[in-house]
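Here is the structure we will look at, set down as structure tokens.
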2 protein chains.
Amino acid sequence: MRNKINKSDLIMKAALEIFANKNFKDVTISEIAERAGVAVGTVYEYFNNKEDLYFSIPQKTSEHFNEQLGLHLEGLYSPVEKIRKFIWFYLHYLENHPIYTELLLMELRVNKNFFNTGHHRGLSDGTTEILKLIEEGQQQGEIRNDISPYLIRHLILGVLEHITTYWVLKGKKGDLVSFSKDTAELVLSGITLKLDSTSGVI
Amino acid sequence: MRNKINKSDLIMKAALEIFANKNFKDVTISEIAERAGVAVGTVYEYFNNKEDLYFSIPQKTSEHFNEQLGLHLEGLYSPVEKIRKFIWFYLHYLENHPIYTELLLMELRVNKNFFNTGHHRGLSDGTTEILKLIEEGQQQGEIRNDISPYLIRHLILGVLEHITTYWVLKGKKGDLVSFSKDTAELVLSGITLKLDSTSGVI
DNA sequence: ATACACTTTGAACCTTATTCATTTTATAAA
DNA sequence: TTTATAAAATGAATAAGGTTCAAAGTGTAT
């Protein structure tokens with residue numbers, strides 16, 4: 001046969017479209033099944049339950065995010081410049097993937113079940129990559145190493161997620177990427193080592 | 001009559017105890033009613049629905065947070081010192097109110113319904129206070145004013161919420177307040193104006 | 001053509017939020 | 001104290017939706 005359109009993909013596509021406009025609890029399985037053109041029971045052949053279906057939606061977009069991030073960092077040398085680029089890319093990408101953003105920040109990031117299952121791994125909102133950049137910067141002497149790289153990551157992801165969360169809560173008005181320049185300036189002035197003698201971190 | 005124990009408080013107390021151990025959807029109204037010693041219908045006399053009950057739980061704790069924050073900032077002069085203290089207090093308070101913290105960060109902060117109803121106002125995770133401190137600092141020349149105070153607030157609340165969120169997701173192991181010193185150092189070195197001539201922001 | 005395994009189906013089941021007619025309790029008036 | 005009236009409390013009935021599973025359908029190999 002040729003219509004090898006994976007049913008799983010079909011269901012996920014329908015789910016994505018519906019979850020885009022409603023909260024988790026306002027979406028019904030029968031609604032998703034109907035849009036996907038399958039029976040209710042079929043949904044349960046491919047997903048354990050409603051939450052499992054929900055969690056699996058961002059998987060592909062996350063992979064795409066990571067791929068594209070790699071491309072955008074390619075060719076840059078300085079870890080600090082890479083971090084600057086990371087900040088830009090994060091805001092740029094999320095602004096252009098609003099459904100994904102809402103799912104990720106509003107529901108998944110803070111969901112214990114999500115965090116504690118396989119779904120979380122391999123998603124990595126750039127979490128691993130940014131840590132690598134920080135450690136690289138510390139080794140090369142561009143970034144202060146009197147502070148844990150994990151705390152620096154909290155700073156960077158924290159401000160980005162906070163900005164983005166409020167952008168979503170306020171209805172996604174205005175552009176997100178316009179925060180990029182000042183955010184990078186703010187973050188980098190806190191984590192870079194100044195090379196003149198007067199500004200040693202006490 | 002003397003048993004003027006407000007039924008509303010009674011129900012909220014029971015709800016708090018139960019929500020402390022389960023997710024929103026795993027908690028039933030009948031469970032809450034039973035623990036509160038009232039009938040199911042009574043719950044609906046005092047709260048519009050399950051979500052309304054849920055949202056009203058953190059109200060009192062938030063008021064307490066704000067009160068205590070006021071006391072802790074009292075007597076300090078420098079805005080920068082006040083911000084340092086804010087960071088300490090935030091981590092200290094949340095570490096000592098784990099149920100409140102989980103509710104606030106995991107569920108409410110990112111809930112559109114919560115954000116868009118009266119519940120959000122008057123809760124203010126110190127949101128208003130910290131903005132005031134930043135603006136004060138900018139006026140007095142301690143804090144750089146080439147960056148919007150709102151963005152600086154995103155930085156401060158962002159890193160604090162991020163640290164705390166991961167602390168919760170990882171099962172509240174270790175102490176939170178120990179991050180206070182480095183976090184303050186990191187944040188403040190990004191937002192304070194250095195007074196020597198070499199480090200002017202370009 | 002037949003047997004077998006794998007998909008798909010959707011009606012039935014079960015749990016739970018929410019409602020509302022009825023009962024109970026408190027307050028005020030006589 | 002008795003009666004009238006309003007307020008509070010009740011829990012059985014309703015409605016909605018997630019999940020299950022026995023039956024029907026579809027494809028593949030012998």
Side-chain angles (χ1 to χ4, degrees), chain A residues 1-58 103 106-108 111-114 116-119, chain B residues 1-58 103 106-108 111-114 116-119:
Chain A
M1 77 259 50
R2 73 261 89 111
N3 69 338
K4 245 306 166 211
I5 306 158
N6 198 335
K7 279 252 162 79
S8 172
D9 285 350
L10 205 63
I11 293 165
M12 272 178 54
K13 186 168 173 296
L16 174 65
E17 289 165 13
I18 292 174
F19 278 122
N21 302 312
K22 297 191 200 174
N23 289 327
F24 181 77
K25 69 165 188 181
D26 296 327
V27 170
T28 68
I29 296 290
S30 53
E31 195 181 0
I32 293 172
E34 190 175 11
R35 182 180 283 236
V38 302
V40 168
T42 306
V43 174
Y44 286 88
E45 287 296 319
Y46 292 91
F47 301 92
N48 296 326
N49 51 47
K50 190 178 168 187
E51 198 175 55
D52 183 49
L53 167 58
Y54 195 50
F55 285 174
S56 63
I57 291 175
L103 228 66
M106 303 285 104
E107 315 254 13
L108 303 181
N111 188 305
K112 269 187 168 173
N113 292 340
F114 183 72
N116 295 325
T117 56
H119 290 291
Chain B
M1 78 263 43
R2 72 261 91 105
N3 68 339
K4 246 304 165 214
I5 306 158
N6 197 335
K7 278 253 164 76
S8 171
D9 285 351
L10 205 63
I11 293 165
M12 274 180 51
K13 187 169 174 296
L16 174 64
E17 288 165 13
I18 291 173
F19 278 122
N21 301 312
K22 296 191 201 175
N23 289 327
F24 180 78
K25 67 163 189 181
D26 295 328
V27 170
T28 67
I29 296 290
S30 54
E31 196 181 359
I32 293 172
E34 190 175 12
R35 183 181 283 237
V38 301
V40 169
T42 305
V43 174
Y44 287 88
E45 287 295 321
Y46 292 91
F47 302 92
N48 296 325
N49 51 46
K50 190 177 167 186
E51 198 175 54
D52 183 49
L53 167 57
Y54 195 50
F55 286 173
S56 62
I57 291 175
L103 227 66
M106 303 285 105
E107 315 252 14
L108 303 181
N111 188 306
K112 270 187 169 174
N113 291 341
F114 183 72
N116 295 324
T117 55
H119 290 290

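Residue numbering restarts at 1 for every chain, and letters A, B, ... go by the order of the sequence lines. Remember, predicted model here, so these are calculated numbers, not experimental data.
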Does any N or O in the side chain of K22(B) come within less than 3.5 Å of the main-chain N or O of T28(B), such that one atom is a donor and the other an acceptor?
no
I'd like to know if the side chain of N6(A) reaches the main chain of S8(A), judged simply by a donor and an acceptor atom lying under 3.5 Å from each other, with no hydrogens or angles considered.
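A pair under 3.5 Å: yes.
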Give the rounded distance in Å between these two atoms: [atom1] of [X] and [atom2] of [N].
X	N	atom1	atom2	value
E34(A)	dT9(C)	CD	C1'	15 Å
I11(B)	dA8(D)	CD1	C1'	11 Å
I32(B)	dT18(C)	CD1	C1'	14 Å
F24(A)	dG17(D)	CZ	C1'	12 Å
K25(B)	dA16(D)	NZ	C1'	16 Å
L10(B)	dA9(D)	CG	C1'	13 Å
N6(B)	dA9(D)	CG	C1'	15 Å

Between K7(A) and dT8(C), is there a contact of a side-chain N or O with OP1 or OP2 at under 4.0 Å?
yes
Under 4.0 Å between any heavy atoms, over every strand shown, what does [X] touch: base, sugar-phosphate, or nothing? Just pick one.
X	result
T42(B)	base
Y46(B)	sugar-phosphate
V27(B)	sugar-phosphate

Take a 6.0 Å sphere around CD of E17(A) and say whether it holds more than 12 heavy atoms from other residues, nucleotides or ligands.
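Above 12, so yes.
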Could you grab the distance from atom [atom1] of [X] to atom [atom2] of [Y], nearest 0.5 Å is fine?
X	Y	atom1	atom2	result
D26(A)	I18(A)	CG	CD1	12.5 Å
I32(B)	L16(B)	CD1	CG	10.5 Å
K13(A)	I57(A)	NZ	CD1	12.5 Å
E51(B)	K25(A)	CD	NZ	4.0 Å

When you compare the protein's N or O atoms with those of nucleotides 19-21 of chain D, which come within less than 3.5 Å of each other, and at what distance?
| unit_1 | atom_1 | unit_2 | atom_2 | d |
| --- | --- | --- | --- | --- |
| dT19(D) | OP2 | Y44(A) | OH | 2.6 |
| dT19(D) | OP2 | K50(A) | N | 3.0 |
| dT19(D) | O5' | Y44(A) | OH | 3.4 |

Checking side-chain contact (heavy atoms from CB on, under 4.5 Å) between M12(A) and each of F47(A), Y54(A), Y46(A), which is the one that passes?
F47(A)
Do the charged groups of K7(A) and E45(A) touch, with an N to O distance under 4.0 Å?
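Looking at K7(A) and E45(A), the cut-off is not met.
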If you take any heavy atom closer than 4.0 Å to DNA chain C, which residues from residues 13-20 of chain B end up in contact?
none
